Amino acid sequence: MKRLIATALLVTPVFAFAAEGDNLLNNGSFESTALRSGGWHVYSGIDGWTVGRNGVEVRNNVSGSAVDGHNFVELDTSANSSISQSFATVAGATYALSFSYANRGDNRGAASNGLGWTVGGLTGVVGNNTSTTWATYSTEFIGTGQTMTLSFAALGRSDSFGTSLDGVSVRMLSAVPEPQSMALMLAGLAALGVVARRRRRQD
Ligand SMILES: [Ca+2]
Ligand SMILES: [Ca+2]
């Protein structure tokens, strides 16, 4: 019986679909914009992202260094702005959101800084301080089965100095088992139970 339980435990993970998927976001590290090192520019549009009214400032190792690749962005451009990106989801699947943020060395104080984020009814604020060290924020959310949207917005005083953002990713952590697979798994476990009962009777 112990061996049967061990077998069941070995078999079960096959049906758990535990695998970290690719980044579902396009241009999550903001590398698709060609900028010379030390260059920066405010764009009304960049690959992958829907850009807010005041644009998005892409920087290549100026007023800070990218945490991933060469480029990163700031959303307090000439004034507070925002970016968002939508992606398809599987109902009930678990997704991991991760991104890095830091304040520029010449920041204008905590009241000028801060980055708000939102996805699927979850929301949060990071960077509303004076730290210039990149920090990574991670959380998980559940897919609705519909297209979901991840948004970032500059918070704090709108004064052209704000919190930097880089390395944004959304990955599927685990999908819900397909009904067929679930039926197969239950049938397998039931079969193991029958064998175990037979063995007990024989014992
Ligand atoms: Ca980057
Ligand atoms: Ca600001």
Side-chain angles (χ1 to χ4, degrees), residues 20-88 95-119 122-141 148-173:
E20 190 167 303
D22 296 332
N23 190 356
L24 300 177
L25 302 180
N26 177 15
N27 194 26
S29 186
F30 309 105
E31 299 300 313
S32 76
T33 303
L35 279 170
R36 64 174 175 81
S37 182
W40 64 276
H41 191 76
V42 176
Y43 297 90
S44 58
I46 53 172
D47 281 355
W49 298 90
T50 299
V51 175
R53 192 161 55 94
N54 293 315
V56 56
E57 182 173 324
V58 184
R59 299 209 298 265
N60 181 333
N61 293 328
V62 59
S63 293
S65 298
V67 76
D68 179 62
H70 301 289
N71 293 348
F72 57 103
V73 299
E74 182 192 339
L75 301 181
D76 188 348
T77 55
S78 57
N80 282 346
S81 191
S82 62
I83 55 173
S84 64
Q85 185 166 156
S86 297
F87 49 90
Y95 294 84
L97 163 67
S98 180
F99 60 88
S100 296
Y101 62 96
N103 289 305
R104 40 194 298 167
D106 55 353
N107 75 82
R108 300 294 171 90
S112 165
N113 297 333
L115 201 56
W117 61 269
T118 177
V119 66
L122 293 178
T123 183
V125 176
V126 298
N128 49 344
N129 51 48
T130 55
S131 174
T132 58
T133 305
W134 285 105
T136 299
Y137 183 87
S138 300
T139 191
E140 293 180 5
F141 60 93
M148 295 177 75
T149 301
L150 169 66
S151 302
F152 292 96
L155 301 176
R157 200 169 53 245
S158 184
D159 56 5
S160 85
F161 289 78
T163 303
S164 301
L165 171 68
D166 196 9
V168 188
S169 67
V170 171
R171 299 175 197 276
M172 187 193 283
L173 290 182

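Atoms within a ligand are numbered from 1 in the order they appear, just like the ligands themselves. Model, not experiment: these values are computed from the prediction.
Judged by distance alone, the side chain of Asn113 and the main-chain N or O of Gly156 form no donor-acceptor pair under 3.5 Å.
With respect to the Ca ion (ligand 1), Glu31 has OE2 as its nearest N, O or S atom. In terms of distance to the Ca ion (ligand 1), the nearest N, O or S atom of Asp68 is named O.
Rounding to the nearest 10°, we obtain 130° for the angle at the Ca ion (ligand 1) between Ser29 O and Asp166 OD2.
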For side-chain contact (heavy atoms from CB on, under 4.5 Å), just list the numbers for Phe99 and Leu150, CA-CA rounded to whole Å, side-chain angles, deciding distance to a tenth of an Å, and then say yes or no.
CA-CA 11 Å; Phe99 60 88; Leu150 169 66; 6.0 Å; no
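Counting only N and O atoms by type, the side chains of Ser160 and Asp76 include no donor and acceptor under 3.5 Å apart.
A tilted orientation is assigned to the rings of Phe141 and Phe87, their planes being inclined by 30° to 60°.
Of all protein atoms, those that are N, O or S and lie under 3.0 Å from the Ca ion (ligand 2) total 6.
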Side chains of residues 37-55: which donor-acceptor pairs under 3.5 Å do they make with residues two or more places apart or in other chains?
{"unit_1": "Asp47", "atom_1": "OD2", "unit_2": "Ser32", "atom_2": "OG", "d": "3.2"}
{"unit_1": "Trp49", "atom_1": "NE1", "unit_2": "Asn27", "atom_2": "O", "d": "3.0"}
{"unit_1": "Asn54", "atom_1": "ND2", "unit_2": "Asn80", "atom_2": "O", "d": "2.8"}

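For Thr149, the side-chain hydrogen bond (donor to acceptor under 3.5 Å, both in side chains) partners are Ser86, not counting sequence neighbours.
For the salt bridge (charged side-chain N to carboxylate O under 4.0 Å, His left out) condition, the pairs that include at least one residue of residues 55-73, sequence neighbours left out, are Glu57-Arg59, Arg59-Glu74.
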